[in-house]
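Remember, predicted model here, so these are calculated numbers, not experimental data. Chain letters run A, B, ... following the sequence lines, proteins first and then strands; every chain starts at 1.
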Amino acid sequence: MLNLLILIAIVVGIIAIGKVIRVMELSSSIKGENSWLASDKDHRTQSRLMLVFLFAYFIFIIWQIVEWGDEVLPVSASEHGVIIDNLMTTTWVIITPVFILTHILLFYFAWKYAYRSDRKATFFAHNNKLELLWTAVPAIVLLILILYGLSIWNETMEPLTAEDDPVEIELYARQFDWTARYPGEDKNFGDVSVRHIEGVNMLGMDSTDQNGWDDKYVKAEFYLPVDKPVQFYFRAQDVIHSAYMPHFRAQMNCVPGMVTRFNFVPTITTDEMKEITGDPEFEYYLLCNKICGAAHYNMKMVIKVVGEQEYNDWLNEQKVFLAVEGLQEEAPVETEMPSEESDSSNTEMDETELSAQL
Amino acid sequence: MSAHAHNDNDFLFKYIFSTDHKMIAKQFFLTGSIMGLVGMLMSTFFRLQLGYPGTSFPFLEAIMPNWAPDGVLSPDKYLALVTLHGTIMVFFLLTAGLSGTFSNLLIPLQLGARDMASGFMNMLSYWFFFLSSCVMMASLFVEGGPASGGWTIYPPLSALPEAIPGSGMGMTLWIVSMALFIVSSLLGSLNYIVTVFNLRTKGMTMTRMPLTIWAFLITAVLGVLSFPVLFSAVLLLFFDRSFGTSFYLSDIYIAGQALEVEGGSPILYEHLFWFLGHPEVYIILLPALGITSEVVATNSRKPIFGYRAMIGSILAIAFISFLVWGHHMFITGMNPFLGAVFTFTTLLVAIPSAVKVFNYLTTLWKGNIRFTTAMLFAIGLVSTFITGGLTGIILGDSALDINVHDTYFVVAHFHIVMGLSGTFGMISGIYHWFPKLFGRMMNKNLGYLHFWLTIVSAYGVFFPMHFLGLAGVPRRYYANTEFPIFDNLVDINELVTVFAILAAAAQGLFIFNVFYSIFFGPKAPQNPWKATTLEWTAPVEHLHGNWPGEIPEVHRWAYDYSKPGAEEDFIPQTVPLAEGEEDSSH
Ligand code: HEM
Ligand SMILES: [Cu+2]
Ligand SMILES: [Cu+2]
């Protein structure tokens, strides 16, 4: 019933607007003007509205900055993130004046040169000097931005070496959760394959590979030691996911069939960040940022950045793969860790898999 | 050529299987707009969920009982709506709807041709588009719902029905629909290109063509070069889905089972997709910019400033647009050096774009600006093109993209620079050429109201999204409720939704205006805007063959507005050069 009433009201409304328009058109045609042609009065109103809009737009933007400026991400909690943020600031500093200037010109001209019957437009078809000017100036500014941007890109993507002695972590994505794997004391990840996924062995660890016996993996939250380089490896089980750690200005896709990497140095512990943000509940999060299915919006892990001691304590508490899987019976008895090939910069990932990303 | 003898089939061939470019333009306009309307309604539905997560809207359940049980949109159907919204807006509204309407209407009329090179191919182009639209709409009603993997349909999500319900029948229909769409687009584009090269009237040299035609021509070239690549991408996807190949699949475990797929790579799909995907944004943008050039010059009563530079920048943008696709893939694990190359090429696009903006500004300078509704939307487009274009400098910079990639910052950027500019251009064109399309005038006051409501609500929707993105909110999220770090963003999301509803409502004015004016608008004079171009020399009534008698001959470029020494403030292209007068296109 209500729906019907609403429908009737809409129909009546539409007819009413139609009638009003008709009357307006008739009355202006009686007055001898073209109802569709912008009149002098229209030019006055519309040109003024142009100026009003210019101010309204700027005020709206300023209002948003005042209102929401604090909601954007806090200072970067990673080393490279700081230089990325500097680049971001520089870019804003360059594009904001361009934005303001062009908008002022656009709407000011629209207001200033509104139609008057006693004036004629200036015939001004081209001017090589001007055109050269606004080709060359953007070109130069962009070239500087490109060079600056690329230097930071190269710095950010620079691979770690053995000397960096990084903490290595593998982030494993599947619908719809994350798992973080640490290589254990031997600093070597065990082999994995989707063919081995079964029951609790959800990472597909190859239980015959001794490198994997002391691997540790955790869900829901994982720890990072502050001020130490962290080398991440990313894998996905089913569809593409993306590991997004916004507070660290870090993101990398997780693609089935290949291993991707990213590295950064966390510089601010979770506790420090609680103070910086003034939020006692603050936590760092790992989000999924590539559409991956219905619960894509709820694929998360908490990241704890802590001091080295706390990190080691936490890691020691975690069970090794062998213990979790209850595979002791089947596995060979000597669980001694193979220490010969503990090259820390290298994981046991298949080399061909790594080169697949190039 | 005048009307033929009447018989019973006349209606059928005049309105349905017409080969007349003007009728086909109207068909594209109507079909495209209806699709656009559906796409817009979808966006308000999913915006309701984002603005008021979990709140029950009983009317949603009434419209789609299975998708919104208890009035709350379900997460996978949220993604289905987002996917179709994106697909429809990009392809159906702003590719077929925009080019289909204006390339069809204007290429023959502005060049002085009796029709397209092949009227039959042109008709086929529309019918493939129509079929494609039907298939896409039908996919809404199949089991599992329509495609839900985002408009980019990356595999494996789009390849595996186990991954999301929409990747079943719905995805198959998406592929079929896009295949039909691509056929339509190719038929249309080839026709446009051949017509521009071969059917220009006497005197219409390439450098006398209006910038609209330049834009449509280059758009068609982009389409011909890039759509086939999309076709191969979805064809391989089709094989992976239906015939067990693994072009894009490898090492997958899903639904309790390891799949027998080995050696493929989803990254291959991404490369193929974006090889189309990036030029696609210029397929949307260039016609809108072409329309703007025309509308701004006509209504400023001034020649477009830097005609040759405008052509040059169209060509430069088109060329560079084929070399930048990798900027969508900076963080796929691509070699950082490759990322650097794509950053370089991407930021280069800003140069010709800046040239266009400054040329528009200079065209307004010392003009005598008539505020037609078309002009308002053209000015609006310049504003959105600047606002959205500048954030492209951030996204194109690989180092910065690391943190804003796939966030709402991207959603803000591409909606403003492509969505708003594209729709503003299209709407501006409709207001401007409505008298050519339908022989009547649209209502001015409704148009003014429509413009101001639209631009205010459009910025109200999309500007705040920058802040969401800078706060780290990913796109394609059903709700921002699961991460405490987003708790303070509720206000922003609500405000955006309110403006989205206002924006959608404002389009009601436009639709009303269009339909009212088609039937009751005042009759159009032959040249209502006092423009120089050829289409305004054709009679208001649509004739088969466009001009009774001879086709007019062209003697000058398209922008002789307010030329010193002339009586009127415009000289049509058909007026011969006076003694000693020079053609100003040089
Ligand atoms: C009333 C106007 C519109 C509103 C309120 C709107 C809103 C939105 C929102 C909120 C999203 C992101 C959803 C998400 O990531 O979860 C979205 C996605 C999208 N929109 Fe719009 N939009 C509008 C008009 C347009 C127009 C005119 C275009 C034309 C280019 C467009 C193209 C797209 C595309 C391509 C996507 C991405 C879809 C995907 O992620 O797969 N939209 N829209
Ligand atoms: Cu995910
Ligand atoms: Cu692109």
Subject >> Verdict with supporting geometry, B:Val456 and A:Phe60, side-chain contact (heavy atoms from CB on, under 4.5 Å) >> reply: CA-CA 10 Å; B:Val456 167; A:Phe60 179 50; over 6 Å; no

Subject >> Test log, rule side-chain contact (heavy atoms from CB on, under 4.5 Å), inputs A:His247 and B:Ile485 >> reply: CA-CA 10 Å; A:His247 300 98; B:Ile485 45 173; 3.9 Å; yes

Original post:
side-chain contact (heavy atoms from CB on, under 4.5 Å) between B:Ile267 and A:Val255: does it pass, once the steps are laid out?
Top reply: CA-CA 8 Å; B:Ile267 304 300; A:Val255 186; 4.1 Å; yes

**OP:** Quick one: do B:Ser383 and A:Leu106 satisfy side-chain contact (heavy atoms from CB on, under 4.5 Å)? Show the steps, please.
**Re:** CA-CA 8 Å; B:Ser383 166; A:Leu106 175 65; 3.9 Å; yes

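Between B:Ala350 and A:Leu142, the shortest heavy-atom distance links the atoms CB-CD1, 3.4 Å. Annotation for A:Tyr244 and B:Asn403: closest pair OH-O, 2.7 Å, computed over non-hydrogen atoms.
Within the 4.5 angstrom heavy-atom criterion, no atom of B:Met375 approaches chain A. Interface residue A:Thr91: only side-chain heavy atoms are found under 4.5 Å from chain B. Within the 4.5 angstrom heavy-atom criterion, no atom of B:Gln257 approaches chain A. In this structure, chain A has heavy atoms under 4.5 Å from both the backbone and the side chain of B:Thr387. Residue contact with chain A, scored on non-hydrogen atoms closer than 4.5 Å, is absent for B:Leu338. For A:Ile94, no part lies near chain B; criterion is any non-hydrogen pair under 4.5 Å. With a 4.5 Å cut-off on non-hydrogen atoms, B:Asn445 touches chain A through its side chain but not through its backbone.
Formation of a donor-acceptor pair under 3.5 Å by the B:Lys366 side chain with backbone atoms of A:Ala121 is not found in this model. With hydrogens and angles disregarded, no donor-acceptor distance shorter than 3.5 Å links the side chain of B:His405 to the backbone of A:Gln251. Looking at A:Trp68, its side chain never comes within 3.5 Å of a backbone N or O of B:Pro464 through a donor-acceptor pair. Using a distance-only test at 3.5 Å, with no hydrogens or angles considered, a donor-acceptor pair links the side chain of A:Gln175 to the main chain of B:Ala163.
The OG1 atom of B:Thr346 sits 9.0 Å away from the CD1 atom of A:Ile146 when rounded to the nearest 0.5 Å. In this structure, CG in B:Leu79 is found 7.5 Å from NE2 in A:His296, a value given to the nearest 0.5 Å. In this structure, the separation between CD1 on A:Ile104 and CG on B:Leu361 is 12.0 Å, given to the nearest 0.5 Å. Between atom CE of residue B:Met329 and atom CG of residue A:Asn253 there is a gap of 9.0 Å, rounded to the nearest 0.5 Å. For the atom pair CG of A:Leu287 and CD of B:Glu482, the computed distance is 11.5 Å after rounding to the nearest 0.5 Å. Remark: A:Asp42 CG to B:Thr372 OG1 distance equals 11.0 Å, nearest 0.5 Å.
The pair B:Asp569-A:Lys120 does not meet the salt-bridge criterion, since no charged nitrogen lies less than 4.0 angstrom from a carboxylate oxygen.
When ring centroids are compared, A:Phe124 and B:Phe305 come within the 6.0 Å threshold.
Ring geometry for B:Tyr459 versus A:Tyr57: interplanar angle under 30°, hence parallel rather than tilted (30 to 60°). The aromatic rings of A:Phe53 and B:Trp452 lie tilted to each other, with the angle between the two planes from 30° to 60°.
Here A:Gly293 is the residue among A:Ala236, A:Pro138, A:Gly293 with the most heavy-atom pairs under 4.5 Å with chain B. Between chain B and the options A:Met157, A:His196, A:Glu131, heavy-atom pairs under 4.5 Å are most frequent for A:Glu131. Heavy-atom pairs under 4.5 Å with chain A peak, among B:Leu347, B:Ile254, B:Thr481, at B:Leu347. Chain A forms the most heavy-atom pairs under 4.5 Å with one residue out of B:Phe486, B:Tyr154, B:Trp365, and that residue is B:Trp365. No other option in B:Gly150, B:Ala340, B:Gly149, B:Ser265 has as many heavy-atom pairs under 4.5 Å with chain A as B:Ala340. If you tally non-hydrogen atom pairs under 4.5 Å between each of A:Trp92, A:Tyr284, A:Tyr148, A:Phe107 and chain B, the highest count goes to A:Trp92. Contact count against chain B (heavy-atom pairs under 4.5 Å) is highest for A:Leu73 among A:Leu73, A:Leu145, A:Ile152. By number of non-hydrogen pairs under 4.5 angstrom with chain B, the leading residue of A:Ala125, A:Gly149, A:Ala38, A:Pro256 is A:Ala125. Between chain B and the residues A:Asn127, A:Thr156, A:Asp70, A:Asp85, the largest count of heavy-atom pairs under 4.5 Å involves A:Asn127. Note: B:Ser562 leads B:Pro522, B:Gly508, B:Ser562, B:Gly263 in heavy-atom pairs under 4.5 Å with chain A. With chain A as the partner, the residue from B:Phe483, B:Phe344, B:Tyr478 showing the most heavy-atom pairs under 4.5 Å is B:Phe483. When B:Ile164, B:Asp76, B:Ile351 are compared by the number of non-hydrogen pairs under 4.5 Å with chain A, B:Ile351 comes out ahead.
With contacts defined as side-chain heavy-atom distances shorter than 4.5 Å, the pair A:Thr45/B:Phe371 does not qualify. B:Ile331 has its side chain within reach of A:Ser242: a pair of non-hydrogen atoms, C-beta onward, lies under 4.5 Å apart. Residues B:Pro156 and A:Ile240 are in side-chain contact: their nearest non-hydrogen atoms beyond the backbone lie under 4.5 Å apart. Counting heavy atoms from C-beta on, the side chains of B:Thr332 and A:Thr260 never come closer than 4.5 Å. In this structure, the side chains of B:Pro474 and A:Tyr297 stay at 4.5 Å or more apart for every pair of heavy atoms. At least one side-chain heavy atom of A:Ile291 sits under 4.5 Å from a side-chain heavy atom of B:Leu157.
At a cut-off of 3.5 Å, with distance as the only test, a side-chain donor of B:Asn359 or A:Trp134 sits close to an acceptor on the other residue.
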